[in-house]
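Before any comments, here is the structure.
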Amino acid sequence: MATDTLKSRAESGSSTAGGFGRLLLDNGALTALIVLVIALSVLSGDFLTTDNLLNIGVQAAVTAILAFGVTFVIVSAGIDLSVGSVAALSATVLAWSATSHGVPVALAVVLALATGIAAGLVNGFLTAYGKLPPFIATLAMLSVARGLSLVISGGVPIPFPDSVSHLGDTLGSWLPVPVLVMVVMGLLAAFVLGRTYIGRSMYAIGGNEEAARLSGLRVKRQKLAVYALSGVFAAVAGVVLASRLSSAQPQAADGYELDAIAAVVIGGASLAGGTGKASGTLIGALILAVLRNGLNLLSVSAFWQQVVIGVVIALAVLLDTVRRKAGATPVAAGTGGGNRGKQAATYGLAAVVTVAIVGATSFLHNGSASANPKLGLSLSTLNNPFFVQIRDGAQAEAKKRGVDLTVTDARDDASQQADQLQNFTSSGYGAVIVNPVDSDAAGNSVKAAGKAGIPVIAVDRGVNKAKVAALVASDNVAGGELAAKTVAEKLGGKGRIVVLQGQAGTSAARERAEGFAKGLKRFPGIKVLAQQPADFDRAKGLDVMSNLLQAHPDVQGVIAANDEMALGAIKALGAKAGKSVQVVGFDGTPDGLKAVKDGSLYASVAQQPTQLGRIAVTNALKALDGGKVAPMVKVPVKVVTRENVAVFTG
């Protein structure tokens, strides 16, 4: 009997340990989220505040809504790479129809949802009836939807109807509407997956498509419905995103499809199909939002943030592989009430443990505030030497003055920048410097900072529909006119030129193009052979210029909206650059100035970006101390040629 008792206890202990291990294995994403929350609460005293937690919810909302739709597709063993572009197209259709064509807002919303459904149906048709791999079909739709968004908008953000923009507001001055929409769409996704015929069909198709077909399931029709659902969720996400930004951005949600897929996989779904649930997807989206928020608060480099998030995604897929080999319980349709009760108990226990540990760690941050002023700098991108120079100038001035400066990279994404500005506001930064991705889209975030009593300095580009303490900038339009005048005078007032434009939809591209047009009007002898966007990118500048040379071999001049595109054009021109073809760039970057020295680049309209960064920090500190700040601080542009490049300091 003693032996039996000992055996029973051993089995019980083994069962308990095994059960705990199984619990962690079956809820890997939840465990990871808890660990992240606890770790960030320990590392940052700004993380565990009501405002910041609400920020995380808002920042997760768009990704989560997109991911709920992608969950349907992945559960059925498909993939949808088009959701980010479909979101942008749906929002653009809504704004274009309601604002530009007077369509009633209710009907415009229906048109936006119909756009998402139509895109999804096309994806489903190409996949189910056209026999295209889902990767190829949705990749094609990604390009088509993004192109249509640019065509409809003309590459310019369209103001969003005020009645719909309230989706980006808060209820009762504290509860964000995007979070409510996320919860509603999550409940809808859970209902579809767990309680409907089409949900059970998704799991059947993902588990074994041929077996599902032989059992009488109309697989092709179900795939149409699955992709149509994904399109609807993408449309809703697009509307929520545009509401936050108060404008439909043709380049919005670029790359969000990867975040959506990552959220689904991190949440426990398998890319092989047959498993996945809405609650897991929500946890995956929250993990991504918590990571980005926490890394911002900890002032981790924007470049390292991408590395960390990539590692997390890889680990999530690795965990899925380990989980399957270990025989973890799959999440499929038709889970019983017992499982649902167990799942609810698991979430409840996780919440209790998290609150207890986080509450204990909060004592670590009492009285730990830094004595130095804290400034936040959100740059539109760090993938461009011009903005890197702004950062370097700001950091040099901050170091000189003993200021803590946190720099973030919005990666040309207005939504990411809105998240970063919200993080600065909720973390109690003394002042914020913003280089807007888009002047209209930054308005709401700047207003929120103003309400919190935080002065905002705009650098290089202004902010519309919101008050800033100062704008530190050179004039893009005036600089564009100067570039046009420079190339025209070099050609003696007569000649044939091409214009390389910046990224469609960005304010810098619009303003510089406006300046080019104004400047060229004064020289009727200058003929513009072609104007094409090259997205401020050197490689694209090379490709576009190579193509234009095939159609216009007699070109005599090139105006590029930045030095990177100008350098790409010089590469395409080869020996012609600086001799038979004169090239003028914009920004005065180190590589651009080097090309001016060797004569391949005739001139660069330099905005002195290092000075922009220094002056922005100086004015931010002045505003923080309550001093008087000029509303407009102009840094003059200079035409740098071979004659004066040696004395130009930037």
Side-chain angles (χ1 to χ4, degrees), residues 29 62-89 116-146 189 192-193 198-199 201-210 212 219-235 237-238 253-278 280-281 284-285 288 309-310 313-314 316-321 324 330-332:
V62 172
T63 298
I65 295 169
L66 285 174
F68 290 140
V70 173
T71 303
F72 301 141
V73 180
I74 288 180
V75 164
S76 58
I79 199 76
D80 192 347
L81 299 176
S82 68
V83 289
S85 296
V86 171
L89 176 60
I117 293 173
L121 287 173
V122 171
N123 284 335
F125 180 83
L126 292 175
T127 301
Y129 294 93
K131 301 297 183 184
L132 287 181
F135 182 92
I136 299 301
T138 59
L139 183 63
M141 179 55 68
L142 177 152
S143 181
V144 170
R146 184 69 65 185
V192 170
L193 285 168
I198 188 173
S201 300
M202 293 174 194
Y203 288 105
I205 295 170
N208 190 321
E209 182 175 331
E210 183 61 17
V219 172
K220 292 182 178 180
R221 290 188 182 182
Q222 295 301 321
K223 283 188 176 182
L224 281 177
V226 168
Y227 281 96
L229 276 171
S230 180
V232 169
F233 276 71
D254 187 21
Y256 279 37
E257 55 279 346
L258 301 181
D259 277 359
I261 293 168
V264 177
V265 174
I266 291 171
S270 170
L271 290 173
T275 62
K277 56 183 178 179
T281 294
L288 292 175
I309 291 170
I313 294 171
V317 178
L318 182 62
L319 176 63
D320 175 62
T321 303
R324 286 175 167 275
V331 181

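What you see below is based on every heavy atom in this structure, not just the backbone, and it leaves out hydrogens, waters and symmetry mates. What you see is a predicted model; the values in this text were computed from it and never measured.
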Show, in sequence, the C-alpha distance, side-chain angles and deciding distance for Leu229 and Ile198, and conclude whether the side-chain contact (heavy atoms from CB on, under 4.5 Å) test is met.
CA-CA 10 Å; Leu229 276 171; Ile198 188 173; 4.0 Å; yes
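A donor-acceptor contact shorter than 3.5 Å is absent between the side chain of Tyr227 and the backbone of Ala119. A donor-acceptor pair under 3.5 Å links the side-chain atoms of Thr275 to the main chain of Ser270, judged by distance alone.
Sorted by first and then second residue, the pairs that involve residues 122-144 and meet side-chain hydrogen bond (donor to acceptor under 3.5 Å, both in side chains), not counting sequence neighbours, are Ser82-Asn123. A salt bridge (charged side-chain N to carboxylate O under 4.0 Å, His left out) check over residues 70-81, counting only residues at least two apart or in different chains, returns nothing.
Remark: Tyr256 pairs with no residue by the ring pair (Phe, Tyr, Trp, His ring centres under 6.0 Å) rule, at least two apart or across chains. Under the ring pair (Phe, Tyr, Trp, His ring centres under 6.0 Å) criterion, Phe68 pairs with no residue at all, not counting sequence neighbours. Remark: Ser76 engages Met202, Ile205, Val226 in a side chain to side chain contact (heavy atoms under 4.5 Å, CB included) (not counting sequence neighbours). Taking the side chain to side chain contact (heavy atoms under 4.5 Å, CB included) definition, one finds that Ser85 meets it with Leu142, Ala145, Arg146, sequence neighbours left out.
Side-chain contact between Ile74 and Ile79 is present, with at least one heavy-atom pair separated by less than 4.5 Å.
Nearest approach of Ala137 to Leu132, heavy atoms of both residues: CB-CB, 4.2 Å. The heavy-atom pair separating Ala285 from Ala263 by the smallest distance is N-CB, 3.6 Å. The nearest pair of heavy atoms linking Ala260 to Ala67 is O-CB, 3.6 Å. Looking at every heavy atom in both residues, Leu193 comes nearest to Ala278 through CD1-N, 3.9 Å. The nearest pair of heavy atoms linking Leu66 to Ala234 is CD2-CA, 3.6 Å. Scanning all heavy atoms of the two residues, the minimum distance from Val75 to Gly276 falls at CG2-CA, 4.0 Å.
If you take CZ on Phe72 and CD on Gln222, they are separated by 13.0 Å, rounding to the nearest 0.5 Å. For the atom pair Lys223 NZ and Glu209 CD, the distance stands at 3.5 Å (nearest 0.5 Å). Distance check, rounded to the nearest 0.5 Å: CD1 of Ile261 to OG1 of Thr63 gives 12.0 Å.
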